[in-house]
Amino acid sequence: MSKYWKPGSERPRTVLVDDEEGGVLFLSSPPSSSGFGHSSLERQRQRLPVYKYRTAILYLVENHATTIIVGETGSGKTTQIPQYLKEAGWAEGGRVIACTQPRRLAVQSVASRVAEEMGVKLGEEVGYTIRFEDQTKPNVTKIKFLTDGVLLREMMDDPLLIKYSVIMVDEAHERSLSTDMLLGLLKKVQRRRPQLRIIISSATIDAKSMSTFFHIRRRNIGQAAEDPTPSELPAILSVEGKGYNVEIHYVEEPVSDYLQAAVNTVLSIHDKEPPGDILVFLTGQDDINAAVQLLTEDAQNNGLLVLPLFSGLSRADQDLIFSPTPKGKRKVVISTNIAETSLTLEGIVYVVDSGFSKQRFYNPIPDIENLVVAPISKASARQRAGRAGRVQPGKCFRLYTEEYFVKEMPAEGIPEMQRSSLVSCVIQLKALGIDNILGFDWLASPSPEAMIRALEVLYSLGILDEDAKLTSPTGFQVAEIPLDPMISKMILSADTYGCSEDIITIAAVLSVQSIWISVRGAQKEFDEVKLRFAAAEGDHVTYLNVYKGFIHSGKSSQWCYKNYINYHAMKKVIDIREQLSRLLRRLGIVLKSCERDTQVLRKAIIAGFFAHACCLEEFSPNGMYKTIKSSQEVYIHPSSVLFRVNPKWVVYHSLVSTDKHYMRNVIAIDPSWLIEAAPHFYQVRKPNPAPY
DNA sequence: GAGCACTGC
């Protein structure tokens, strides 16, 4: 242990150079550490690129409130840095080292890897917390991995995150909604708790803006001598990755049809290049299926094994992707963005990058989120290319010109914060006591329009009052419920209508992607089976029937299979439902069933979703509706049980925007219920009774 | 009679 830098001991002989712009520290020559352990796991640890920066990292963390670590994939930073910190004493005295990840799967796999390296049982010294699963032991767990969403939730009980000595925010370059929120909040926490150390780990070089953001200036300078305050200047350290070299190829002329170009490129790779699997990035399910079709026709006798990959795939189909490529075959995986970050495929040597992905954009004026095909960023393009260099040197074929890449492609994507509705963000910040939302120190400020729209929506739901403060009890209760605020409001209203037992089932189903299995080819049969569950009132009531059937079957996977229902989705429904019933009990709400009084059920739904009311246009031949709020043209989605039924008045849960705006999850209502539920929002007989 | 990139609490 003596070889390691320990807090409070002499500074290591490391050359640190002052950066001319603002005193940022760079490491110019990493020290070489030697002699630790002899087991093969230890040797593996020492071979990781991050190992030679061990002393430097510990020095920087000791002396800087914030340390920014720029490292490519494979550097080992995620698994090693928490261990270095623990070895250096950061987990002593009951303190905990936290490391956040954007995704659940990463949390679990990294935690078990670290537990294995440390030779401890997962859930004790090394643990993790994700929703529905807490594998930590109080006073025992020293290194804790968790999703950034869970850490945000923890802040509601422990705003200063007192139990943590160091918080490492990993994958910060992805700039997810919760990462951005967390970073803004951590900056605030740091001001109150100068001893807290933050490590921000990012794959891109945009460390400068992160550094500027975290360059805090504290008011109270005087600190006790034995408790020295770390420098408020963030340190930046760059760690190289371990990936193999990937040769980049561009097209010479822009392509007009990237689908066809992708197919041609795959065939030409197969024709000219040595063995190795191919990963193709396209935008969505339709494109992917079309490409699979084209390639399969071509692939009859030529040894290509073509597989689609997107999140809606069944478990069995996803497993196909991971099974080893049969001898003499070449695997071609045609994928959405899911393979860019969420899934890692081994054995990929060639990547074909269309340069596009589907991205969410939010328009605050009509309060609608759109999913559109848009060009990716340079950061994404690099990430995609990197997928070819995991096992050996690879090649990436970009279906755009080099000139386009250099001159036109944006360096970074737009942070999710600037592409989303902010209702959930706003309510979480409010619950943390941040009243001046407009003045919050964001890493990337959302548009004032989006902010105002979020405040308006929350006000209309009775979650915020005129002073934009959380109402009591509704506002505080909604903030406790980990769901979209409109769903939370619906749940709380169900208490007054006496149907909370049923409503939490609906809320749970609405919170999972889809409980139906996506079928191709068996559409007609699927529709017939669906009719067994269909309720005249609409989709929400239909879900109650499905849930009942599932419970009645003894939660049988066989039953699900027979009824085209996604078993894994149903299990998640059960989990969410459990969580909600525990939460409601804590809020003092007694669960009660309305015994299929669908009128009170729908009134409870309206209490959350009155703003989504629509009226069928008179004489509309194609089932066109208009939203009451903003006269937006919308249609019932063909997957709804009310498709072609077209009741005069409906309320929808969400919109899917493609060529038209489609309402997904629709119920039929009586317009008088709207006025009853939201008299402040709707008035009788006015042409456009929107309140804004 | 048409279709939902991806996460997360």
Of the nucleotides [options], which one has an atom closest to the side chain of [X]?
X: A:His637; options: B:dT7, B:dC4, B:dC9; result: B:dC4
X: A:Pro482; options: B:dC6, B:dA5, B:dC9; result: B:dC9
X: A:Ser311; options: B:dC9, B:dG3, B:dC6; result: B:dC6
X: A:Pro638; options: B:dC6, B:dG8, B:dA2; result: B:dA2
X: A:Tyr662; options: B:dG3, B:dC9, B:dG1; result: B:dG3
X: A:Arg644; options: B:dC4, B:dC6, B:dG1; result: B:dG1
X: A:Val150; options: B:dC6, B:dC9, B:dG1; result: B:dC9
X: A:Phe310; options: B:dC4, B:dT7, B:dC6; result: B:dC6
X: A:Arg104; options: B:dG1, B:dC6, B:dG8; result: B:dG8

Residue-phosphate contact under 4.0 Å: A:Thr147 side-chain N/O, B:dC9 OP1/OP2: yes
I want to check one thing: is the phosphate of B:dC6, taken as OP1 and OP2, less than 4.0 Å away from some side-chain N or O of A:Gln359? no
Return the 5'-most residue of the pair A:Thr283, A:Ile481 with respect to DNA chain B, ranking by each residue's nearest nucleotide. A:Thr283
Pick the nucleotide of DNA chain B nearest each of A:Asp484 and A:Ser342; which residue has the one closer to the 5' end? A:Ser342
Rounded to whole Å, please give me the gap between [atom1] in [X] and [atom2] in [N].
X: A:Leu282; N: B:dC6; atom1: CG; atom2: P; value: 13 Å
X: A:Leu182; N: B:dC9; atom1: CG; atom2: C1'; value: 13 Å
X: A:Met663; N: B:dG3; atom1: CE; atom2: C1'; value: 16 Å
X: A:Asp148; N: B:dC9; atom1: CG; atom2: P; value: 9 Å
X: A:Glu133; N: B:dC9; atom1: CD; atom2: P; value: 11 Å

Just call it for [X]: base, sugar-phosphate, or nothing, with non-hydrogen atoms closer than 4.0 Å on any strand.
X: A:Asp527; answer: base
X: A:Arg153; answer: base
X: A:Ser176; answer: nothing
X: A:Ser178; answer: nothing
X: A:Leu371; answer: base
X: A:Ile130; answer: sugar-phosphate
X: A:Gln513; answer: base

Classify the ring geometry of A:Tyr404 against A:Tyr400: parallel below 30°, tilted from 30° to 60°, perpendicular beyond 60°. perpendicular
Test side-chain contact (heavy atoms from CB on, under 4.5 Å) on A:Ser201 and A:Met168 and set out the steps. CA-CA 7 Å; A:Ser201 149; A:Met168 172 165 166; 4.1 Å; yes
Residue that, paired with A:Asn563, satisfies side chain to side chain contact (heavy atoms under 4.5 Å, CB included) out of A:Val546, A:Ile517, A:Val529: A:Val529
If only side-chain N and O atoms count, and only distance matters, is there a donor-acceptor pair under 3.5 Å linking [Y] with [X]?
X: A:Asn370; Y: A:Tyr362; value: no
X: A:Asp148; Y: A:Thr179; value: yes
X: A:Tyr164; Y: A:Asp158; value: no

